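Here the structure is a predicted model, which is why all the values come from computation and not from measurement. In what follows, every chain begins at residue 1, and chains take the letters A, B, ... in the order their sequences are listed.
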Protein chains: 2
Amino acid sequence: MRADAQRNYARLLSVAAEEIALNGADASLEQIARLAGVGSGTVRRHFPNRHALLAAVFRERVESLHAHAADLTGRPDARAALLEWLTAVTTSAATIRGLAVALNRDCGLEPGPAHEHCATSRLLEAGEPLVRQAAGALAPGVTVADLIALITGIALATENHPDPAEEANRLLGLAFSGISPSA
Amino acid sequence: MRADAQRNYARLLSVAAEEIALNGADASLEQIARLAGVGSGTVRRHFPNRHALLAAVFRERVESLHAHAADLTGRPDARAALLEWLTAVTTSAATIRGLAVALNRDCGLEPGPAHEHCATSRLLEAGEPLVRQAAGALAPGVTVADLIALITGIALATENHPDPAEEANRLLGLAFSGISPSA
DNA sequence: GTACGATACGGAGGGCCCCGCCGTTTAGCA
DNA sequence: TGCTAAACGGCGGGGCCCTCCGTATCGTAC
């Protein structure tokens with residue numbers, strides 16, 4: 001990768017992060033190009049579509065959640081470990097504008113090599129051991145995918161709330177323990 | 001309202017319903033105008049913004065859910081009644097393309113007279129008695145708003161699933177009884 | 001230090017969309 | 001039948017996405 005390409009890539013990533021934080025996942029790619037001082041073609045060269053840009057912007061955060069999950073595996077209280085991780089994911093999804101949308105969208109991609117390395121897949125990988133560990137304490141049939149879908153949904157639904165993270169975590173807590181537990 | 005205006009309104013509503021079912025809540029307003037055989041100005045005259053169009057398109061369905069809730073109040077098993085209604089709402093939100101997005105968006109409106117009569121408010125009104133009845137069987141602090149938010153989120157998150165309604169209801173069931181009930 | 005090939009860049013152009021506006025048509029009443 | 005207010009259609013401005021291609025720049029080989 002040429003030096004100027006690297007510079008532009010970094011600039012774009014940083015500007016895109018700000019712009020997405022400001023305007024959500026539908027931020028204007030042309031505006032990002034303008035703010036980064038590059039042509040619109042350069043954006044599309046580095047990121048062939050919006051999804052690629054979102055993935056790149058959120059990559060670090062997703063990796064950090066991945067690492068967090070790794071830290072939690074093997075904890076004596078598997079249920080608490082799972083809940084801690086789910087809370088961390090929820091907080092990120094509800095706090096970081098655009099992340100929930102990005103997670104939600106890459107569920108709609110056709111399978112393929114790109115799909116295997118997308119943010120959602122990384123989260124599924126990360127959470128799978130935690131779910132397996134806690135399986136005994138979970139309702140039958142619960143999968144990591146269910147939990148990630150639920151969190152994504154909760155984050156999307158609380159986007160307009162005054163305090164998204166708090167509200168999202170409250171809903172997560174309700175769903176985890178049960179809205180109407182006395183079955 | 002003049003006769004021609006009524007005709008156009010009806011045509012627009014019907015065309016919009018099809019087009020939204022096909023392309024989601026972001027369907028092109030100009031395309032709707034074209035299909036209805038009217039000018040784009042006519043669309044904007046009847047529906048000053050996209051949200052107004054969505055509200056009108058989904059009005060009947062929301063009213064039907066409202067009525068369903070009324071039918072269920074007073075049932076002996078309050079918990080089952082609530083769950084039945086939530087299931088109906090979930091099925092609608094997951095099946096009818098664009099409805100979940102519409103519900104999610106009108107949470108973001110500034111308060112005002114329009115906000116009081118929006119689809120979400122109608123659902124809140126409808127569900128409130130059911131929640132009150134079932135309060136004894138619910139986790140402390142649960143509100144109708146929580147449940148509607150959760151359902152909206154679930155519907156958004158399962159939009160890309162092969163069978164959205166089934167998956168959405170499965171997630172609803174999990175959240176209702178608890179993902180990890182043994183608290 | 002220079003010359004060259006590959007790589008990356010920028011921006012113009014086409015298509016679509018939303019939105020505001022205004023001249024024209026038409027429905028409904030007198 | 002004539003009139004007026006309501007409703008209509010579509011034009012023009014602005015924005016965005018996307019493709020494409022001539023140009024500038026980087027890095028290397030000599």
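- Toward the 5′ end of DNA chain C lies the nearest nucleotide of A:Ala5, the other residue of the pair B:Gln6 and A:Ala5 mapping further downstream.
- Computed from coordinates, the B:His51 NE2 to C:dC18 C1' distance equals 18 Å when rounded to whole Å.
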Practice problem: Kindly indicate, with the supporting measurements, whether the criterion side chain to side chain donor-acceptor pair (under 3.5 Å) is fulfilled by B:Ser28 and B:Asn23. | Solution: CA-CA 8 Å; B:Ser28 159; B:Asn23 297 326; over 6 Å; no

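- Considering only side-chain N and O atoms, B:Thr42 lies nowhere under 4.0 angstrom from the phosphate OP1 or OP2 of D:dA7.
- Put simply, CZ on A:Arg7 is 18 Å from P on C:dT7, counting in whole angstrom units.
- With A:Ser180 contributing its side chain and B:Ala137 its backbone, the two residues share a donor-acceptor pair below 3.5 Å.
- Taking 4.0 angstrom as the limit, B:Asn8 places a side-chain polar atom (N or O) nearer than this to OP1 or OP2 of D:dC8.
- Separating the CZ atom of A:Arg45 from the P atom of D:dC21 is a distance of 14 Å, rounded to the nearest angstrom.
- One atom, CE of A:Met1, and another, C1' of C:dA6, lie 15 Å apart when rounded to the nearest Å.
- Between the CZ atom of A:Arg50 and the P atom of D:dC17 there is a distance of 5 Å, rounded to whole Å.
- A salt bridge between A:Arg59 and A:Glu63 is absent, with no side-chain N of the basic residue lying under 4.0 Å from a carboxylate O of the acidic one.
- Using a cutoff of 4.0 Å between basic side-chain nitrogens and carboxylate oxygens, A:Arg2 and A:Asp4 are scored as salt-bridged.
- Rounded to whole Å, atom P of C:dC16 lies 17 Å from atom CD of A:Glu30.
- Following rounding to the nearest Å, A:Leu29 (CG) and C:dC17 (P) show an atom-to-atom distance of 18 Å.
- One cannot find a donor-acceptor pair under 3.5 Å joining the base of D:dA7 and the side-chain atoms of B:Arg2.
- Of the side-chain N and O atoms in B:His46, none sit less than 4.0 angstrom from OP1 or OP2 of D:dA7.
- Counted by atom type alone, B:Glu84 and B:His68 present one or more donor-acceptor pairs between their side chains at under 3.5 Å.
- Between the CG atom of B:Leu53 and the P atom of C:dC18 there is a distance of 11 Å, rounded to whole Å.
- With the nearest nucleotide of DNA chain C identified for both A:Tyr9 and B:Ser40, A:Tyr9 has the one nearer the 5' end.
- B:Ser28 has a side-chain polar atom (N or O) that falls below the 4.0 Å cut-off from OP1 or OP2 of C:dC17.
- For the OP1/OP2 pair of C:dC17 and a distance below 4.0 Å, the side-chain nitrogens and oxygens of B:Arg34 include at least one atom meeting the criterion.
- Side-chain to base pairing of A:Arg44 with D:dT19: no donor and acceptor N or O lie closer than 3.5 Å to each other.
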